[in-house]
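First the proteins, then the strands, lettered A, B, ... as listed; each starts at 1.
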Amino acid sequence: MSAAPRLRFAPSPTGYLHVGGARTVLFNWFVARREGGEMVLRIEDTDTERNRPELTDDILEQIQWLGLGWDGEPVHQSERQHLYAAAADRLIAAGRAYWCDCTPEQVQQRAKQRGGPPGYDGHCRDLGVERGPTTALRFRVPDDGSTSFDDLVRGTVTFDNAKLEDFVLLRSNGIPTFLLANVVDDADLGITHVVRGEEHVNGTPKYLLIGEALGLDHRPVFAHLPVLVNEQRKKLSKRRDSVSVAEFREAGYLPEAMVNYLALLGWGPKDGVEIRPVGEIVDQFRLDDVTPSPAFFDVKKLQHFNAEYIRALDADAFVERARPFFTHGHATEAVLRPIAELVRDRVRLLTEVEPMVDFLRDDEVAVDDAAWAKHVAKHGDRAATMLDAATAGLADCAWEAPAIEATLLDAATVAGFVNGEGKPQMSKAQGPVRVAVTGRAVGPPLYESLVVLGRERTLDRLRSARADL
RNA sequence: GCCCCCAUCGUCUAGUGGCCUAGGACACCACCCUCUCAAGGUGGCGACACGGGUUCGAAUCCCGUUGGGGGUGCCA
């Protein structure tokens, strides 16, 4: 029935790509993929004051990192000024726009005196102001009637034209505002679905009014996604919230986990299966099913997803993915490799990998005071005996996990770490050994770790700890 | 102030008039498993904001109240 849709993600390079933006690209991408359509990128760099061109690279890079592709070359609004200027001329010729030389201060002051709602009062509407170095072009909003549209997420939304002020189309520096540029570009690029954040709902009637005044027969379908909020239930802000996609990437999150989690903010699969391949989400995703209410970005749940995705990796892939986070590349990889699965099942973030095996890599190991107190010192003589027995036994047992286990089991019995039936209690007996050898109370399974560490280093650390008791 | 929107467990959601004494997931708690930690297993805590309608019947439809959010720029 309908032709392939054409979506667009239109970021402005005034900040890094944050999770809210990522969710917006993602939903656009879902629709494009599901319907066999396209998604184009449009860089809205019309605000010459705030623009930071270098941020465009970050935005593109993060989108790619997430595994989301786009179609064609990104379009830059800064390179399409002639289109907007032509549209503005048409609006002027049609009597739908006029020049205004009021300064923002004047507008504000009049509103204050008026006592009514803030905003422009239409002061220059019929003054016949000529274009000049300080004039802005304003759209003449109809005095009556209403403008409404059907939003895929929210249903029909209606605005009284009388409540809309005569907004600016062209700044006094000649550069268009995003209101004008958006309409012109969406029509020019053949955009069929405008999927963007909820903060744009109020701008939509202006969008429609401009399009109508321009005589465009282009009318996209709108879908305004719910905002992402922080714990205070306020819209996520780049300033107060730490939410840039790059930060999550650097913190060791997998893009697959990120995408999967983001898909669940404002949408949910009918069958309740949350963790699933992105392809399945694409198949099930529908804008009509998007929830209209704000969603809280829950890092805890994201972490859970990330851990799940990490555990689903095979050993090689895991090492591969973790490698970029190593500060001691080869050395870390060498000790990780033998126990990759054991480590993989215990981390939530890729950045946690190296710290979990550094005791295997480094010559010196720092002993954590709290761990020492709780798992070694507290046991006094029993700990000393355990350390001695372990040292003696490990000096000549076979250097493989089963033999090491048997040796430590014996040592536990000798040291008196036994239960009521005289069976060795490794939950406690492993404490002194683990802390002595790894410096910490928690870590990968002990026996396998010792195999990697090697007999000499194990014995050295055991003796060293014994000497400190 | 004005405009627009939203309202199911702490959080993300399922639910489109009867299948709901409201399901799942994260978080939390307990127990089990267990060489620490994870993972896993079992169980628990925990919600339809409130008030009116409509209907034989409402979490689901309508109205109001309350609460929350977004917008209100010569930013996007």
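Across all strands shown, U11(B) is found opposite A25(B) as a Watson-Crick or G-U wobble partner, with both distances under 3.5 Å. The pairing partner recorded for A30(B) is U42(B), the criterion being a Watson-Crick or G-U wobble arrangement whose two distances lie under 3.5 angstrom. Applying the Watson-Crick and G-U wobble criteria (two distances, each under 3.5 Å), C61(B) pairs with G53(B). In this structure A47(B) sits in no base pair that meets the Watson-Crick or G-U test at under 3.5 Å. Across every strand in view, C74(B) sits unpaired, with no contact that passes the Watson-Crick or G-U test at under 3.5 angstrom.
In terms of phosphate contacts, Lys234(A) brings no side-chain nitrogen or oxygen within less than 4.0 Å of OP1 or OP2 of G68(B). Using a 4.0 Å cut-off, no side-chain N or O of Lys235(A) falls inside it from OP1 or OP2 of G69(B).
Within the structure, side-chain hydrogen bond (donor to acceptor under 3.5 Å, both in side chains) pairs that include any residue of residues 17-28 of chain A do not occur (at least two apart or interchain). For residues 406-431 of chain A, every residue pair satisfying the side-chain hydrogen bond (donor to acceptor under 3.5 Å, both in side chains) rule, not counting sequence neighbours, is listed here: Gln430(A)-Arg434(A).
Heavy atoms of Gly197(A) sit nowhere under 4.0 angstrom from any nucleic acid atom. Nucleic acid contact class of Thr14(A) (heavy atoms, under 4.0 Å, all strands): none. Residue Arg440(A) is classed as having no contact, given no heavy-atom separation below 4.0 Å to the nucleic acid. Within the 4.0 angstrom heavy-atom criterion, no nucleotide atom of any strand lies near His224(A). Within 4.0 Å of Phe296(A), counting heavy atoms only, lie sugar-phosphate atoms of the nucleic acid but no base atom. Within the nucleic acid shown, Gly443(A) comes within 4.0 Å of at least one base atom, counting heavy atoms only. At the heavy-atom level, Tyr447(A) lies under 4.0 Å from base atoms of the strands shown. In this structure, Pro445(A) reaches the bases: a heavy-atom distance under 4.0 Å links it to at least one base atom across the strands shown. Across all strands, Arg233(A) comes closer than 4.0 Å only to sugar-phosphate atoms, never to a base (heavy-atom distances). Looking at heavy-atom distances under 4.0 Å, Glu352(A) makes no contact with the nucleic acid at all. Among the heavy atoms of the strands lying under 4.0 Å from Leu265(A) are primed sugar atoms or P, OP1, OP2 only; no base atom is included. Contacts of Glu44(A) with the nucleic acid, taken as non-hydrogen atoms under 4.0 Å apart, involve only primed sugar atoms and P, OP1 or OP2. Across all strands shown, Pro11(A) has no heavy atoms under 4.0 Å from either base or sugar-phosphate atoms.
Comparing C6(B), C4(B), G71(B) by their closest approach to the side chain of Ser293(A) singles out C6(B). Closest approach to the Glu308(A) side chain among U36(B), G40(B), U72(B) is made by G40(B) (side chain taken as heavy atoms from C-beta onward). In the set U36(B), C4(B), U13(B), U13(B) carries the atom at the smallest distance from any side-chain atom of Thr291(A). Here the nucleotide nearest the side chain of Arg346(A), chosen from A38(B), A25(B), U11(B), is A38(B). When the nucleotides U36(B), A76(B), C12(B) are ranked by their closest atom to the side chain of Thr46(A), A76(B) comes out on top. Proximity note for Gln430(A) (side chain, C-beta onward) versus C12(B), U36(B), A76(B): the nearest is U36(B). When each of C35(B), G70(B), C12(B) is scored by its nearest atom to the side-chain atoms of Asn202(A), the top-ranked nucleotide is G70(B). The side chain of Arg311(A) lies closest to A39(B), out of A14(B), G69(B), A39(B). Listed nucleotides: A76(B), A25(B), C12(B). Nearest to the side chain of Phe305(A): A25(B). Of the listed nucleotides (U36(B), C26(B), C4(B)), C4(B) has the atom at the smallest distance from the side chain of Val201(A).
Between the C1' atoms of G46(B) and U8(B), the separation comes to 12 Å (whole Å). Of the P atoms belonging to C20(B) and C28(B), the separation is 30 Å, rounded to the nearest Å. The separation of U54(B) from G17(B), taken at their C1' atoms, amounts to 11 Å, rounded to a whole angstrom. If you take atom P in G23(B) and the same atom in A47(B), they sit 11 Å apart, rounded to whole Å. G51(B) sits 44 Å from C32(B) when the P atoms are compared, rounded to a whole Å. Distance noted for atom C1' between A59(B) and A49(B): 12 Å (whole Å). Only the P atoms considered, U16(B) is 11 Å distant from C61(B), to the nearest whole Å. Atom C1' of G57(B) sits at a distance of 49 Å from the matching atom of A76(B), rounded to the whole Å.
Rounded to whole Å, atom P of U34(B) lies 18 Å from atom CG of Leu408(A). Straight-line distance from the CE atom of Met426(A) to the P atom of C35(B): 8 Å, rounded to whole Å. Between Glu49(A) atom CD and G73(B) atom P the separation is 18 Å, expressed in whole Å. The CG atom of Leu228(A) sits 15 Å away from the P atom of U11(B) (whole-angstrom rounding). Atom-to-atom, CD of Gln303(A) to C1' of C12(B) comes out at 15 Å; the value is rounded to the nearest Å. Spacing between atom CD of Gln106(A) and atom P of C74(B) amounts to 13 Å, rounded to whole angstrom units. In this structure, CG of Leu264(A) is placed 11 Å from C1' of A14(B), rounded to the nearest angstrom.
For Arg154(A) and C5(B), a side-chain-to-base donor-acceptor distance below 3.5 Å is absent, hydrogens and geometry of angles not being considered. Between the base of G71(B) and the side chain of Glu198(A) there is no donor-acceptor pair shorter than 3.5 Å. At a cut-off of 3.5 angstrom, the base of C74(B) holds at least one donor-acceptor pair with the side chain of Ser172(A). Side-chain atoms of Lys301(A) and base atoms of A25(B) include a donor and an acceptor less than 3.5 Å apart.
Taking the six-membered ring for Trp, His379(A) and Phe417(A) have ring centres closer than 6.0 Å. Residues His200(A) and Phe178(A) place their aromatic rings such that the two centres sit under 6.0 Å apart. Note: Tyr253(A) and Tyr261(A) fail the aromatic proximity criterion, with ring centroids not under 6.0 Å apart.
Between Trp267(A) and Phe285(A), the angle of the ring planes lies from 30° to 60°, which puts this pair in the tilted group. Ring pair Phe139(A)/Phe167(A) is parallel by interplanar angle, where below 30° counts as parallel and above 60° as perpendicular.
Gln106(A) contributes a side-chain N or O that, together with a main-chain N or O of Thr103(A), makes up a donor-acceptor pair within less than 3.5 Å. A donor-acceptor pair under 3.5 Å is formed between the side chain of Asn260(A) and the backbone N or O of Glu274(A).
Mapping Arg50(A) and Thr158(A) onto RNA chain B by nearest heavy atom places Thr158(A) at the nucleotide closer to the 5' end. The 5' end of RNA chain B is approached more closely, in terms of each residue's nearest nucleotide, by Ala441(A) than by the other of Ala441(A) and Thr134(A).
A cation-pi contact links Arg138(A) to Tyr120(A), judged by a cut-off of 6.0 Å to the six-membered ring centre and 45° from its axis.
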